[in-house]
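Note that ligands are numbered from 1 as they come in the structure, with each ligand's atoms numbered from 1 the same way.
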Amino acid sequence: MGTVLVTGGAGFIGSTVVERALERGMTVRVIDSFRSDVHPESELPDDGGRQAAEAAGDARVEVIRGDIRDLETVRDALQGVDVVCHQAGKVGLGVDFSDAPDYVSSNDYGTAVLLRAMGDEGVKRLVYASSMVVYGEGRYRDAAGHDVRPAPRRVDDLESGRFEPIDPATGLPLEPALIAEDSALDPRNVYATSKLAMEYLAASWARSTGGSAVGLRYHNVYGPGMPQNTPYAGVASLFRSALERGEAPRVFEDGGQRRDFVHVRDVAAANLAAIEWTEDAPAGRTRVFNVGSGVVHTIGDMAEALSRAFGGPAPIVTGEYRLGDVRHITASSARIRDELGWQAEVDFEAGMREFASAPLRAAAGTAGATAAGIR
Ligand SMILES: NC(=O)c1ccc[n+]([C@@H]2O[C@H](COP(=O)([O-])OP(=O)(O)OC[C@H]3O[C@@H](n4cnc5c(N)ncnc54)[C@H](O)[C@@H]3O)[C@@H](O)[C@H]2O)c1
């Protein structure tokens with residue numbers, strides 16, 4: 001299957017993609033800046049430049065400590081590469097709007113430089129990490145089964161514990177449904193906007209260079225190596241970190257928020273399926289796919305499963321809320337199953353049991369998290 005350059009290959013998902021690509025017999029190169037707010041000092045390779053990948057734990061991986069925003073570094077990293085699997089970026093909901101320049105620079109400018117370098121070096125195959133956040137609030141139907149865009153959530157409703165999105169026409173709660181790739185896009189924060197811009201950049205690149213690009217809209221990814229408690233961490237990791245401190249997971253709203261929790265090994269397998277697809281894709285072809293387990297759980301369910309598996313205190317449902325959070329967002333992963341032959345294999349309960357005792361990535365930089373339900 002050739003040589004793959006994994007950007008962000010030292011991160012949570014990227015490092016799992018590296019393992020999977022090696023299993024499939026690919027030659028792997030990693031470019032990662034080892035962001036100081038993501039990686040603790042102890043994880044850093046000795047210095048910049050190329051070296052055998054102790055960080056990746058396998059001498060078959062070449063790791064370049066470098067920033068994808070640096071054109072010369074990326075061009076150099078692309079030598080001999082057949083396909084790029086782009087996982088580098090700044091994740092999470094962030095702290096506040098002051099994060100905006102970093103999101104746009106890391107996710108959009110970084111992608112633009114990477115794509116420019118791929119054009120320069122004639123690398124024509126791209127798989128990249130997008131996110132379910134591009135959809136904003138999930139998909140809803142009214143009582144008659146028609147799709148309805150919910151009204152924005154109102155402080156009054158949330159204060160009174162009315163968390164379900166409301167039909168603006170009738171004032172009645174709407175029924176959540178699975179979201180498909182052709183649903184309306186509605187990024188609601190800077191991170192989401194930066195992920196959607198990546199999709200448009202990749203499509204522009206494919207059109208103008210004849211490359212092929214696959215965007216994978218990951219849903220809530222969890223599993224070993226997930227970063228610990230930071231403002232950018234996913235909700236599963238925040239609950240797990242609380243349990244480790246001997247505290248009960250604190251569940252926002254009424255715990256009924258629906259999500260699709262997908263295991264990191266399944267996400268890595270989806271990346272490999274997408275890499276394979278680009279081998280025979282017609283010039284200029286782009287495609288996006290949801291990557292979810294296909295099984296709906298609530299955040300309350302997840303907290304309970306994790307507490308049980310950990311043997312810790314039962315979760316506390318707090319009724320707290322964040323106005324910017326979406327209520328429900330769950331995927332239809334039918335397209336990726338039909339077109340790439342991928343489907344999630346890790347069962348939720350088994351995955352949570354493993355996650356309850358799996359190593360997390362040590363915290364770096366900032367601490368003091370709030371419960372971010374999406375990434
Ligand atoms: N974790 C999730 O639930 C989730 C969900 C949806 C989408 N995603 C996307 O998946 C991708 C990987 O996320 P993750 O959870 O593994 O995050 P992560 O923070 O663990 O990994 C990202 C890696 O990218 C590196 N990086 C960041 N900026 C870089 C730059 N400019 N140059 C080189 N390296 C850089 C970081 O050092 C880090 O190792 C991201 O693009 C993210 O937006 C993640």
Side-chain angles (χ1 to χ4, degrees), residues 5-18 30-40 43-45 48 55-56 63-71 73-74 77 84-94 102-114 117 127-135 187 190-199 202 215-228 230-238 259-264 266-268 270-271 288 290-293 329 331 360-365 372-375:
L5 176 69
V6 183
T7 74
F12 167 46
I13 297 170
S15 59
T16 316
V17 171
V18 168
V30 163
I31 181 167
D32 198 300
S33 60
F34 291 82
R35 277 183 70 115
S36 60
D37 58 350
V38 174
H39 295 274
E43 275 182 19
L44 297 185
V63 175
I64 299 168
R65 184 176 170 196
D67 198 303
I68 56 161
R69 292 168 290 192
D70 178 26
L71 182 61
T73 306
V74 182
V84 172
C85 185
H86 178 31
Q87 308 294 323
K90 180 177 168 72
V91 301
L93 274 186
D102 194 7
Y103 276 112
V104 173
S105 173
S106 303
N107 297 345
D108 299 330
Y109 182 65
T111 299
V113 174
L114 172 69
V127 173
Y128 65 94
S130 183
S131 171
M132 66 177 186
V133 293
V134 298
Y135 299 117
V190 172
Y191 171 62
T193 306
S194 73
K195 294 309 282 184
L196 185 54
M198 282 176 64
E199 293 194 0
L216 298 176
R217 293 177 178 163
Y218 307 155
H219 282 246
N220 282 67
V221 188
Y222 74 98
M226 203 170 176
Q228 271 179 30
T230 81
Y232 310 98
V235 65
S237 151
L238 299 177
R259 293 290 186 274
D260 184 327
F261 294 97
V262 60
H263 196 279
V264 68
D266 282 329
V267 172
N271 274 277
V288 290
N290 286 336
V291 177
S293 69
I329 172 79
L360 298 183
R361 190 170 69 214
I374 53 176
R375 304 192 69 203

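Across Gly89, Gly11, Ala236, heavy-atom proximity to atom 27 (C) of ligand 1 is greatest for Gly89. Of the candidates Val17, Asp32, Thr16, it is Asp32 that places a heavy atom closest to atom 25 (C) of ligand 1. Distances from atom 20 (O) of ligand 1 to the heavy atoms of Phe12, Tyr222, Tyr103 show the closest one on Phe12.
Taking CD1 of Ile31 as the start and CD of Gln87 as the end, the distance is 14.0 Å to the nearest 0.5 Å. If you take CE on Met198 and CG on Asp108, they are separated by 7.5 Å, rounding to the nearest 0.5 Å. If you take OH on Tyr109 and CD1 on Ile68, they are separated by 10.5 Å, rounding to the nearest 0.5 Å.
Looking at Arg217 and Val291, their side chains never come closer than 4.5 Å, going by heavy atoms from C-beta outward. Residues Phe12 and Val267 form no side-chain contact, since every pair of their non-hydrogen atoms from C-beta on lies 4.5 Å or further apart. Looking at Arg259 and Val235, their side chains never come closer than 4.5 Å, going by heavy atoms from C-beta outward. Within the 4.5 Å cutoff, no side-chain heavy atoms of Tyr128 are placed close to those of Thr111. Residues Val264 and Pro224 are in side-chain contact: their nearest non-hydrogen atoms beyond the backbone lie under 4.5 Å apart. Put simply, the side chain of Asn220 reaches to within 4.5 Å of the side chain of Met132, judged on heavy atoms. In this structure the side chain of Lys195 never reaches within 4.5 angstrom of the side chain of Tyr218, judged on heavy atoms. Residues Ser106 and Arg35 are in side-chain contact: their nearest non-hydrogen atoms beyond the backbone lie under 4.5 Å apart.
Those atoms of ligand 1 that come under 4.0 Å of a heavy atom in Ala10, given as number and element, are 39 (O). Close approach of ligand 1 to Val38 is summarised as follows: ligand atoms under 4.0 Å from at least one heavy atom of the residue are 19 (O). Remark: ligand 1 atoms within the under-4.0 Å shell around heavy atoms of His39 are 37 (O), 38 (C), 39 (O). With ligand atoms numbered from 1 in the order given, ligand 1 contributes 23 (C), 24 (O), 25 (C) to contacts under 4.0 Å with heavy atoms of Gly8. Proximity to Arg361 (heavy-atom distance under 4.0 Å) selects the following atoms of ligand 1: 19 (O), 20 (O). Near Gly66, meaning under 4.0 Å from any of its heavy atoms, are these atoms of ligand 1: 32 (N), 33 (C). Which parts of ligand 1 touch Ala129 is read off a 4.0 Å heavy-atom cut-off, strictly below it: atoms 9 (C), 10 (O), 11 (C), 41 (O). Annotation for ligand 1: atoms under 4.0 Å from non-hydrogen atoms of Ser130 are 6 (C), 7 (C).
The shortest N or O to N or O distance between Asn220 and ligand 1 is not under 3.5 Å. Ligand 1 has no N or O atom lying under 3.5 Å from any N or O atom of Pro227, backbone or side chain. Considering backbone and side-chain atoms together, Val221 places an N or O closer than 3.5 Å to an N or O of ligand 1. Checked by distance only, ligand 1 and Asp67 come closer than 3.5 Å through their nitrogen or oxygen atoms. Where the criterion is an N or O separation shorter than 3.5 Å, residue side chain and backbone included, Ser33 meets it with respect to ligand 1. In terms of N/O distances under 3.5 Å, ligand 1 is approached by Tyr191.
In this structure, Thr7 falls outside the shell of residues with a heavy atom less than 4.0 angstrom from ligand 1. A heavy-atom separation below 4.0 Å is not found between Tyr128 and ligand 1. Contact between Met226 and ligand 1 is absent, with no heavy atom of the residue lying under 4.0 Å from the ligand. Residue Gly110 places every heavy atom at 4.0 Å or more from ligand 1. Within the structure, the closest approach of His219 to ligand 1 falls below 4.0 Å when heavy atoms are considered. The shortest separation from a heavy atom of Gly225 to ligand 1 is not under 4.0 Å, leaving the residue out of contact. Note on ligand 1: Met132 sits outside its first shell, no heavy atom being nearer than 4.0 Å. The closest approach between Ser105 and ligand 1 stays at or above 4.0 Å for every heavy atom of the residue.
Checked against the 6.0 Å centroid criterion, the rings of His263 and Tyr222 qualify as a close aromatic pair.
Contacts between Ala88 and ligand 1, counted as non-hydrogen atom pairs separated by less than 4.0 Å, involve both the backbone and the side chain.
Between the Thr7 side chain and the Ala88 main chain, a donor and an acceptor come within less than 3.5 Å of each other.
For Asp67, the salt bridge (charged side-chain N to carboxylate O under 4.0 Å, His left out) partners are Arg69, not counting sequence neighbours.
Screening Asn271, Val17, Val84, Val6 against Val127 for a side chain to side chain contact (heavy atoms under 4.5 Å, CB included) leaves a single residue, Asn271.
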